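Numbering starts at 1 and runs along the sequence shown. Predicted model only: the values in this text are computed from it and were never measured.
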Amino acid sequence: CGCIIGRGAEFGPGFVLIHSNGVVINGTVRGGSDVKIAHQVTIGAERRQSPVLGNDVFIGAGAKIVGSVSVGDGARVGANAVVVHDVLP
């Protein structure tokens with residue numbers, strides 16, 4: 001389905017790809033439990049630093065999360081957002 005999840009990426013229980021088409025996740029990404037990801041999302045490294053996602057996180061369609069970014073518990077990332085700084089819950 002055009003989904004690429006790098007070997008080594010780790011997510012807790014309840015990880016869901018709502019629509020897997022076009023999803024790209026770097027192999028060093030870490031995520032908590034109940035992470036939900038829509039289609040066309042990229043979660044990638046920058047300068048060998050990858051995002052860390054908390055628990056109960058939703059990432060909307062087309063969003064990009066790049067670099068040494070922390071997405072807090074309960075956070076919602078809107079569709080087509082580009083996240084390059086920490087997101088508080």
Side-chain angles (χ1 to χ4, degrees):
C1 293
C3 174
I4 299 170
I5 300 176
R7 191 182 330 231
E10 292 183 14
F11 290 88
F15 174 66
V16 175
L17 294 174
I18 298 168
H19 297 288
S20 63
N21 188 25
V23 171
V24 177
I25 300 173
N26 185 279
T28 58
V29 171
R30 302 290 174 257
S33 61
D34 298 313
V35 173
K36 313 262 185 306
I37 298 176
H39 59 282
Q40 298 293 323
V41 167
T42 298
I43 307 173
E46 179 180 46
R47 296 183 185 143
R48 298 182 182 222
Q49 300 292 316
S50 291
V52 175
L53 310 177
N55 298 315
D56 190 33
V57 170
F58 173 81
I59 303 172
K64 313 299 182 221
I65 303 173
V66 182
S68 180
V69 173
S70 182
V71 178
D73 293 344
R76 303 294 180 253
V77 176
N80 295 314
V82 178
V83 178
V84 294
H85 297 287
D86 291 348
V87 176
L88 301 175

Determine whether a donor-acceptor pair (N or O, by modelled atom type, separation under 3.5 Å) exists between the side chain of Arg48 and the backbone of Glu46. no

Going from CD1 on Ile5 to CZ on Phe15, what distance comes out if it is rounded to the nearest 0.5 angstrom? 4.5 Å

Check for me, please, whether Val57 and Leu17 land in the same ILVMFWY cluster - side-chain distances under 4.5 Å, paths through other members count. yes

Nearest atoms (heavy-atom pairs only) where Ala38 meets Ala61: CB-N, 3.4 Å

Hydrophobic clusters here meaning ILVMFWY residues chained together by side-chain heavy-atom distances under 4.5 Å, can you tell me if Val24 and Phe58 are in one? no

Tell me if a side-chain donor or acceptor on Asp34 pairs with a main-chain N or O of Asn55 at a distance below 3.5 Å. no

How many angstroms lie between atom OG1 of Thr28 and atom CD of Glu10, to the nearest 0.5 angstrom? 10.5 Å

Check the pair Gln40 / Asn21 against side-chain contact (heavy atoms from CB on, under 4.5 Å), numbers first and verdict last. CA-CA 6 Å; Gln40 298 293 323; Asn21 188 25; 4.0 Å; yes

Given Leu53, Asn26, Val71, the one that forms side-chain contact (heavy atoms from CB on, under 4.5 Å) with Ile43: Leu53

What's the separation between atom CD1 in Ile18 and atom NZ in Lys36, rounded to the nearest 0.5 Å? 7.5 Å

Measuring from Ile65:CD1 to Ser50:OG, what's the distance to the nearest 0.5 Å? 11.5 Å

Minimal heavy-atom distance between Ala63 and Gly78, with the atoms involved, is CB-O, 3.8 Å

Test log, rule side-chain contact (heavy atoms from CB on, under 4.5 Å), inputs Ile37 and Ile25: CA-CA 10 Å; Ile37 298 176; Ile25 300 173; 4.0 Å; yes

Let me see the working for Arg76 and Asp56 under side-chain contact (heavy atoms from CB on, under 4.5 Å), right down to the final yes or no. CA-CA 9 Å; Arg76 303 294 180 253; Asp56 190 33; 3.5 Å; yes

Cluster check Val52, Val87: I/L/V/M/F/W/Y, side chain < 4.5 angstrom: no

